[in-house]
Student: 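Attaching a single structure in C-alpha cells format; questions to follow.
Counting starts at 1 for both ligands and their atoms, in listed order. A quick note: this is a predicted structure, and the numbers were derived from the prediction, not measured.
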Amino acid sequence: KKRIWLSRHGESQFNVQDKIGGDADLSPRGELYANTLPTLISKHIGDDYPLTALDELDTGVCDGMTYDEIAEKFPDDFLQRDQDKFNYRYRGGESYRDLVLRLEPVIMELEQHEKILIVAHQATIRCLYAYFMNLDHEQLPYARVPLHTLIELTPTAYHCEENYYKVDI
Ligand code: F6P
C-alpha cells in the first residue's frame, strides 16, 4: 500500500530561540533526534530499502581491518582481490559484482528522476558512477572517488560530462 513518510529535521537553534529561518544548526535535542532517526525509520518503515540499499560493499570478516592486517591474516584473499577485484567476494561479505546487482533497483529509481543527489560510500558510488560512465568490470573497482568532492555527471547524447567540485578542507 502506498505510503508517504515525512519528518521535520531535529530541533534547530532557531527553533529554541523562537527565530524564523531554515539554515540554523541543530540544537542538542535536534542532534539526538537525528541520531535516533535511523532506528525510528527501521521500526516504522523497515530497513530493506532505502536504508540498506546504498550500504557500503560488505567486507565480511575484514570489516574494520586495515589493508595491511588483511594481507597478513588472509594473504591468499589479498592476492586474489588484486587479481580480480570485481569478482573477489570478501569472506562472509560481498564482491563488487554482488554490489552492482544490489544497486540495480537504485539505478532504476535514479533513471526516473531528472535531478538527484546521492551521498554514499566509496564502493557504492563507484558502481553508480560506472553505470553512467560506461566503465567495464576491470575499471569499475578502481574508479577515483575522492573525499570531500561533489561529482556532477551530465549525461549528453553519447557520453557523460563530469565536473568535480572539490572542497579544500
Ligand atoms: O576505506 C573506505 C572504503 O569505502 C571501505 O569502506 C571500502 O571497503 C573501500 O573503501 C572500498 O575501496 P576498495 O574496493 O578500493 O578497497
Student: What is the closest protein heavy atom to atom 8 (O) of ligand 1, and at what distance does it sit?
Tutor: T59 CG2, 3.6 Å

Student: Counting heavy atoms not belonging to K166, are there more than 12 under 6.0 Å from its NZ?
Tutor: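 Above 12, so yes.
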
Student: For K85, counting its heavy atoms only, list the atoms of ligand 1 lying under 4.0 Å from any of them.
Tutor: 13 (P), 14 (O), 15 (O)

Student: Check whether any N or O atom of Y90, backbone or side chain, sits under 3.5 Å from an N or O atom of ligand 1, and answer yes or no.
Tutor: no

Student: Parallel, tilted or perpendicular: which describes the rings of F86 and Y96, with under 30° parallel and over 60° perpendicular?
Tutor: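 The arrangement is parallel - the two ring planes meet at less than 30°.
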
Student: Can you tell me the protein heavy atom closest to atom 7 (C) of ligand 1 and the distance?
Tutor: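 Going atom by atom, the protein heavy atom closest to atom 7 (C) of ligand 1 ends up being E56 OE2, 3.3 Å.
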
Student: Nearest heavy atom to atom 13 (P) of ligand 1: which of Q122, M65, R126 does it belong to?
Tutor: R126

Student: Would you indicate whether I20, at its atom CD1, is surrounded by more than 12 heavy atoms from other residues, nucleotides or ligands within a distance under 6.0 Å?
Tutor: no

Student: Answer yes or no: are there more than 12 heavy-atom neighbours, outside R102 itself, under 6.0 Å from its atom CZ?
Tutor: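 Enclosed.
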
Student: Could you give the side-chain donor-acceptor pairs of residues 59-66 under 3.5 Å, partners two or more places apart or in another chain?
Tutor:
residue	atom	partner	partner atom	Å
T66	OG1	E69	N	3.1

Student: Which of the numbered atoms in ligand 1 are under 4.0 angstrom from any heavy atom belonging to Y96?
Tutor: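 Listed by number with element: 11 (C), 12 (O), 13 (P), 14 (O).
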
Student: Going by the atom numbers of ligand 1, which of them fall below 4.0 Å from some non-hydrogen atom of Y67?
Tutor: 9 (C), 12 (O), 13 (P), 16 (O)

Student: Is there a continuous path of hydrophobic side-chain contacts, each under 4.5 Å between heavy atoms, that joins Y88 to L79?
Tutor: no

Student: Taking heavy atoms and a distance under 4.0 Å, where does R81 meet ligand 1: side chain, backbone, both or neither?
Tutor: side chain

